[in-house]
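The structure appears right after this line, and notes come after that.
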Amino acid sequence: MELLERTHIGELAQHIGQVIRIRGRVDTIRDQGKIIFIMVRDRSGIVQTVAWFGDEEIFKTAKTLTSESVIDITGEVKEAKQVACGYEIGIKTLNIDSLAQTPLPIAIEAEHTDNVTALDKRLDYRWVDLRSRRNQLMMDVATTMGASFRQYCVDNGCVEINAPRVISAASESGANVFEVKYFDRKAYLAQSPQFHKQMGIASDLERVFNMGPVFRAEKSFTTRHLTEYTSFDVELGYIDSYKDVCKYEQEMIKTMLTNVKAKYGDKVKEVFGIDIKVPEGDFPYLSVAEAKEKLAKAGVESKDTGDFSPEEERAMGEIMEKETGCEFVFVIDYPHARRAFYHMKNEENPKLALGYDLFWKGLEITTGAQREHRLEELKANATERGMELDGQLKDYLEYFEYGCPPHGGFAIGTERVLMKMLGFGSILETTYLPNTPNRLGKLLSKIAVEKKK
RNA sequence: GGAGUGGUAGCUCAACUGGUUAGAGCAUCUCACUGUCACUGAGAAGGUUGCGGGUUCGAGUCCCGUCCAUUCCGCCA
């Protein structure tokens with residue numbers, strides 16, 4: 001018999017009365033003795049299929065099925081008033097593509113279950129874990145988020161670059177880089193595409209963006225840190241102020257949220273219980289000094305006048321949302337000494353940097369700034385911090401020797417954005433296969449061990 | 001790097017001041033059931049209580065060591 005083309009389960013309503021073919025996974029089996037109901041799901045939806053004892057071959061095969069097996073069914077889409085969606089599939093052929101072993105090593109997160117497996121174990125079996133409706137939706141939202149950021153940049157005059165991930169010198173402080181062997185010499189995994197995206201400005205690409213992995217060798221045990229994460233970086237030439245950068249990022253985020261809401265808003269509301277809000281108007285600005293005043297008024301303890309503790313960040317998010325109705329806030333006027341040396345100083349008050357952090361619901365999702373493009377000032381900033389101009393910085397400083405436009409940019413931690421958008425408690429959950437100080441390629445080593453047996 | 005919490009069945013958790021054979025829900029397996037839809041009913045199987053040592057007549061429980069997980073802080077996106 002000639003095989004039909006596959007129909008996605010979500011489109012079955014348009015095929016009532018027809019014989020179609022579906023391929024997907026066994027969700028639940030309800031065996032009634034002489035009639036078996038098999039719920040089959042694919043990425044587009046779920047449908048009830050029916051096997052009768054009269055169809056001996058089919059019935060025999062159906063009896064051997066296990067939950068989570070992969071099957072291939074042809075059958076007729078029939079109206080059925082007993083079923084919530086109004087139709088079901090009468091099975092005409094049933095093939096098992098892949099039989100799943102039982103029981104499953106973890107519980108797949110679903111409605112009506114309260115024994116959700118611990119995250120650590122779920123990550124060990126991530127390929128099973130990702131089958132849940134919640135995680136499928138998360139992956140869809142993540143895709144739309146990335147595509148929206150990218151498209152916004154393309155639509156606004158940016159060129160996409162792919163800065164090297166393996167580099168010869170540490171791009172930032174130097175303390176938190178992973179060292180790798182590069183033939184017979186040392187190399188490093190990039191902590192940020194910062195220097196190379198600035199090179200794009202010196203190359204007259206005018207506006208550039210870079211989406212890709214960055215690596216941080218920090219033993220951070222929190223719900224918001226990874227050793228490898230995906231950074232969305234933008235650098236804009238010919239700006240007048242770092243506020244041009246803020247505006248650009250603000251519009252980029254609003255566009256992304258609009259797209260996600262249009263495509264998945266209802267589902268996100270249903271599955272995560274979160275109403276995606278697209279902010280109206282501009283995100284508020286708040287100076288560090290003003291923020292500290294507000295925090296003091298609210299009785300939140302502060303140990304540092306130049307930066308915020310996580311507790312302060314959360315409190316600041318709540319205070320600002322109450323005052324302005326906006327979940328986002330640009331925090332500005334940080335002390336220059338506490339920021340990267342390549343941030344431009346504020347001429348009116350050289351102790352302050354022309355940079356910002358963007359917070360969403362109490363979490364830092366971005367650092368941005370106007371960069372120092374004037375070679376002498378840049379050298380002075382570096383020297384001020386005891387950095388060697390002839391050392392690792394030499395290549396970077398050369399970008400400014402043959403003329404470089406004024407510019408500024410920012411970097412977004414995409415997993416953090418996803419975490420806040422969907423209300424996850426940990427960034428590990430929003431990462432396909434998270435790497436942390438304690439978790440590195442565990443999945444792959446597990447497979448290697450099982451093959452040896 | 002610092003501080004806290006935890007590790008008991010495939011999964012989620014119980015087990016009082018140390019005391020009989022370490023329990024439950026879900027999942028799994030077997031049987032029954034022709035309309036279920038979180039199917040139902042009956043039954044079964046499933047444990048080196050993370051690992052090593054110690055105290056005790058007796059340790060899941062107390063002590064020491066060790067490994068693992070997790071949360072918070074520091075650092076950052």
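Below, read A as the first sequence line, B as the second, and so on, with proteins coming before strands; counting in each chain starts at 1. Only this structure's heavy atoms are used, side chains among them; waters, hydrogens and symmetry mates stay out.
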*asked:* Reading 5' to 3' and counting Watson-Crick or G-U wobble pairs with both distances under 3.5 Å, write the dot-bracket notation for RNA chain B, | for bases paired outside the strand.
replied: (((((((..((((.....[...)))).(((((.......))))).....(((((..]....))))))))))))....
Selection [range] - residue pairs positive for salt bridge (Lys or Arg N to Asp or Glu O under 4.0 Å), sequence neighbours left out:
{"range": "residues 86-106 of chain A", "value": "A:Arg23-A:Asp97"}
{"range": "residues 242-259 of chain A", "value": "A:Glu251-A:Lys254"}
{"range": "residues 27-42 of chain A", "value": "A:Arg6-A:Asp42, A:Asp27-A:Arg41, A:Asp31-A:Lys63, A:Arg41-A:Glu68"}

*Given B:A77, B:G10, B:G1, the nucleotide with the shortest approach to the side chain of A:Arg416*: B:A77
*Is there a donor-acceptor pair under 3.5 Å between the side chain of A:Lys261 and the backbone N or O of A:Val278?*
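No; judged by distance alone, with no hydrogens or angles, the pair does not exist.
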*Take A:Lys292 and A:Glu312 through the salt bridge (charged side-chain N to carboxylate O under 4.0 Å, His left out) test and state the conclusion after the steps.*
CA-CA 9 Å; A:Lys292 290 289 176 184; A:Glu312 287 178 282; 2.7 Å; yes
Protein and nucleotides 12-14 of chain B: nitrogen or oxygen contacts under 3.5 angstrom:
from, atom 1, to, atom 2, distance (Å)
B:U12, OP1, A:Ala118, N, 2.9

[X]: side chain to side chain contact (heavy atoms under 4.5 Å, CB included) partners, not counting sequence neighbours:
{"X": "A:Val271", "value": "A:Arg133, A:Arg134, A:Leu137"}
{"X": "A:Pro335", "value": "A:Arg338"}
{"X": "A:Lys277", "value": "A:Glu321, A:Glu327"}
{"X": "A:Thr414", "value": "A:Met145, A:Thr230, A:Phe232"}

*Would you please say whether a donor-acceptor pair under 3.5 Å links the side chains of A:Thr93 and A:Thr74?*
yes
Rounded to whole angstrom units, what separation is found between the [atom1] atom of [X] and the [atom2] atom of [N]?
{"X": "A:Asp307", "N": "B:A77", "atom1": "CG", "atom2": "P", "answer": "10 Å"}
{"X": "A:Gln194", "N": "B:A77", "atom1": "CD", "atom2": "C1'", "answer": "12 Å"}
{"X": "A:Phe221", "N": "B:A3", "atom1": "CZ", "atom2": "P", "answer": "14 Å"}

Atom pairs, protein N/O to nucleotides 29-34 of chain B N/O, distance under 3.5 Å:
from, atom 1, to, atom 2, distance (Å)
B:C33, N1, A:Gln32, O, 3.4
B:C33, N3, A:Asp31, O, 3.4
B:C33, N4, A:Asp31, O, 3.1
B:C33, N4, A:Gly33, N, 3.4

Identify each atom pair where a protein N or O and an N or O of nucleotides 4-7 of chain B are less than 3.5 Å apart, giving names and distance.
none

*Which residues satisfy the ring-ring contact (aromatic ring centres under 6.0 Å, His included) test with A:Phe308, sequence neighbours excluded?*
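For A:Phe308, no residue satisfies ring-ring contact (aromatic ring centres under 6.0 Å, His included) once neighbours in sequence are set aside.
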*Is A:Tyr229 stacked on the base of B:A77, with ring centres under 5.5 Å apart and planes under 30° apart?*
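Yes, A:Tyr229 stacks on the base of B:A77, since the ring centres sit under 5.5 Å apart and the planes are within 30°.
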_Ring centres under 6.0 Å, that's the criterion: do A:Phe424 and A:Phe272 meet it?_
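Ring centroids of A:Phe424 and A:Phe272 are less than 6.0 Å from each other.
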